[in-house]
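Take a look at the structure below.
Being a predicted model, the structure only gives us computed values, none of them experimental. Chain letters run A, B, ... following the sequence lines, proteins first and then strands; every chain starts at 1. These numbers come from the heavy atoms of this one structure, side chains and all, not from hydrogens, waters or symmetry mates.
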Amino acid sequence: MHKLAGIGAIGIATFKGGLRDRLILSLLLAGFFFLISTVVFSSFSMRQPLEVAINYSLATVQLLTILITLFLGLNLLSREIETRAGHGVLSQPLSRTSYLLGKFAGLVLLCCLVVFSLAFCAIAGVLLVKLGEPDQAIYWANFGVSVLGILLMSLLLGAASLLFSALATSAVLPFLATIAVWFIGQSTQPVKNYLDANLADQTITPLLKAIITGAYYFFPNLSLFDFKVYAIYSLPIPAGQVWYALAYGFVYTAVLLCLATRLFKAQDML
Amino acid sequence: MKQLACLGLLIGLLVWLQLDFASLRSKRQEPLRFPSYPPSLALEMMSLGNRELASTLIFYSSQFYFGEKYAWHREAPEYQRLFVALDKATDLDPLNMDCYYFAQGLFSDIAPAIPVLNRLLEKGMRNRKQDWYLPFFISANYYFQLKDPIKAAEYLQRAAELKPDTLLFASLSARLLYQGNQTKAAITYLEAFIKETRNPAIRQKLELRLHALEAIHFLENGIAAFTKKRGRPPDSLNEMVTAGIIKQIPTDPYGGTFFLDETGKVYTSSKLTETWKKHDKRDQDQQSQ
């Protein structure tokens with residue numbers, strides 16, 4: 001109970017710290033940009049302006065959320081270690097595990113705020129486009145699932161950022177390493193599909209094939225969280241895929257957090 | 001005060017540069033080129049999980065290039081490169097209807113492009129199973145360009161099953177099955193296509209073809225009237241003018257001249273088509289991949 005209270009206090013302090021970084025102002029700006037740009041962007045479509053509006057808005061929510069998560073992750077632990085701001089907190093009767101989990105809880109709250117604020121702006125932009133296409137239906141449930149997928153992906157990357165922060169003493173390395181995980185996590189599935197389709201027998205050596213297969217199973221497969229196509233084209237989401245993504249996201253994030261706490265405990269901060 | 005004056009000066013300079021750049025761009029002499037995109041796998045990796053958006057962006061760049069090149073500069077677009085780009089865009093998002101629609105608008109009057117265009121549309125049919133436009137387009141391509149009415153009727157049947165529009169499909173099916181008035185069938189098809197087209201550059205291209213077909217249809221009606229009156233077909237189009245059947249021979253909007261061939265059919269020296277040539281070796285390599 002004492003531990004939970006400690007985690008909660010650190011989480012709320014992290015959340016408030018995030019808000020102080022003018023997060024709300026940047027979100028309002030992003031929301032205004034959404035409203036204007038979704039209408040302009042989709043107007044160039046010949047046959048499917050509503051689909052393009054959903055496509056554009058979900059892609060922008062994803063990109064902005066991940067960028068904000070990366071920058072939040074940058075400040076979360078590494079900056080505090082770098083500036084020794086966290087030493088005061090750690091000198092209190094609070095375990096390092098609680099401190100790190102509290103930081104992650106704060107990140108979860110901030111990510112939820114970011115994703116849902118941006119999703120709200122995206123919905124407003126899509127609804128504006130829909131005024132010109134009144135006969136076309138939108139599967140809002142699929143839209144919601146896509147937003148949930150984006151949230152899961154950003155939390156996983158946030159956990160990865162914590163893990164790298166627990167490993168390194170500077171803020172730059174965790175930031176770059178998390179970007180690398182994002183890039184690799186998005187790329188492994190298409191590369192694996194390419195290999196499985198036997199399109200590259202001539203150019204891919206067995207060693208490279210083994211490395212790619214290893215990376216596919218080692219790094220998080222972020223394409224599992226991508227439900228955008230079902231929202232864009234109002235397609236039924238295959239049964240079980242959402243549950244699978246949820247389970248995968250939770251388990252992978254939990255593993256990253258466990259590793260991060262182990263490393264953070266072992267780190268000499270003096 | 002000094003800072004404000006400096007800022008004002010810089011903003012003025014920036015506005016002048018912007019305006020000058022805009023006029024410079026409109027006057028520029030070098031031909032507008034369409035970019036070559038990397039392979040589909042690289043594009044998918046670079047999209048960072050946003051393959052649908054990447055597909056839309058490639059479609060937009062193709063559309064803007066075509067609009068600027070064809071409608072503004074009045075130059076022949078690099079059709080081969082445009083096709084490769086649209087093919088890659090549909091690799092990224094096989095459901096992107098904009099690409100299929102645009103491709104049909106661009107290539108359906110270029111006979112050598114029809115086999116690859118139909119392959120692209122078949123890709124669309126495999127992924128957009130409920131879309132009647134795709135079999136409708138393939139049907140038109142088989143009928144008007146590949147001269148295969150049986151295949152055309154087969155695809156038209158599939159289109160009719162997806163959207164039973166009695167007027168359009170009944171009128172086209174009748175012409176396809178009875179090998180009747182091909183020009184009128186082409187006009188019906190183009191009118192249906194133009195009605196649904198929002199892109200001004202594509203609309204301009206289709207309307208050009210429609211005007212040419214209407215001119216041919218006008219001449220064919222004249223030949224029928226001449227034959228009925230004289231009991232024989234005219235030897236030349238000028239004979240119809242001197243006989244008072246038509247007032248004048250219409251002009252070919254493609255810049256050619258209409259004439260009668262030895263079988264008595266109306267043809268034009270422009271062949272109502274644009275070129276589908278490979279622009280450089282890179283295009284050939286991409287096409288062969």
Inset, instruction - Let me know if A/Leu235 has heavy atoms under 4.5 Å from chain B in its side chain, its backbone, both or neither. - result: side chain
Legend entry - Aromatic B/Phe34 / basic B/Arg81 pairing, under 6.0 angstrom, 45° off normal: no
Inset, instruction - Please state whether the side chain, the backbone, both or neither of A/Tyr56 comes within less than 4.5 Å of a heavy atom of chain B. - result: both
Legend entry - Taking every non-hydrogen atom, the tightest pair across B/Pro253 and B/Ala212: CG-N, 3.6 Å
Legend entry - A/Gln48 portion near chain B, given a 4.5 angstrom heavy-atom threshold: both
Legend entry - Heavy-atom contact with chain B under 4.5 Å, split by part of A/Ile232: side chain
Inset, instruction - Check each atom of A/Ser57 against the heavy atoms of chain B and say whether the ones under 4.5 Å are side chain, backbone, both or neither. - result: neither
Inset, instruction - Could you check which of B/Phe64, B/Tyr101, B/Tyr133, B/Tyr60 has the highest count of heavy-atom pairs closer than 4.5 Å to chain A? - result: B/Tyr60
Legend entry - Part of A/Val229 within contact of chain B (heavy atom distance under 4.5 Å): both
Legend entry - Which atoms of B/Phe102 approach chain A - backbone, side chain, both or neither, heavy atom under 4.5 Å: both
Legend entry - Aromatic centroids of B/Tyr155 and B/Phe137 separated by under 6.0 Å: no
Legend entry - Proximity breakdown for B/Glu52 and chain A, heavy-atom pairs closer than 4.5 Å: both
Legend entry - Top contributor to chain A contacts, counting heavy-atom pairs under 4.5 Å, from B/Asn96, B/Thr56, B/Leu57: B/Asn96
Legend entry - Flag for B/Asn141-B/Gln104: side-chain donor and acceptor within less than 3.5 Å: yes
Legend entry - Side-chain donor-acceptor pair present, B/Asn118, B/Glu122, cut-off under 3.5 Å: no
Inset, instruction - Would you check, one step at a time, whether the test ring pair (Phe, Tyr, Trp, His ring centres under 6.0 Å) holds for A/Phe71 with A/Phe175? - result: CA-CA 8 Å; A/Phe71 284 106; A/Phe175 182 68; 5.3 Å; yes
Inset, instruction - Answer with side chain, backbone, both or neither: which region of B/Leu41 has an atom nearer than 4.5 Å to a non-hydrogen atom of chain A? - result: side chain
Inset, instruction - Examine whether an atom of A/Phe225 lies under 4.5 Å from a heavy atom of chain B, and if so say whether it belongs to the side chain, the backbone or both; otherwise answer neither. - result: neither
Legend entry - Residues B/Arg51 and B/Asp91 bridged, charged N to O under 4.0 Å: no
Legend entry - B/Arg119/B/Asp87 ion pair, N-O < 4.0 Å: no
Legend entry - Pair A/Tyr139 and A/Tyr230, ring centroids less than 6.0 Å apart: no
Legend entry - Interface moiety of A/Ser223 toward chain B, non-hydrogen atoms closer than 4.5 Å: neither
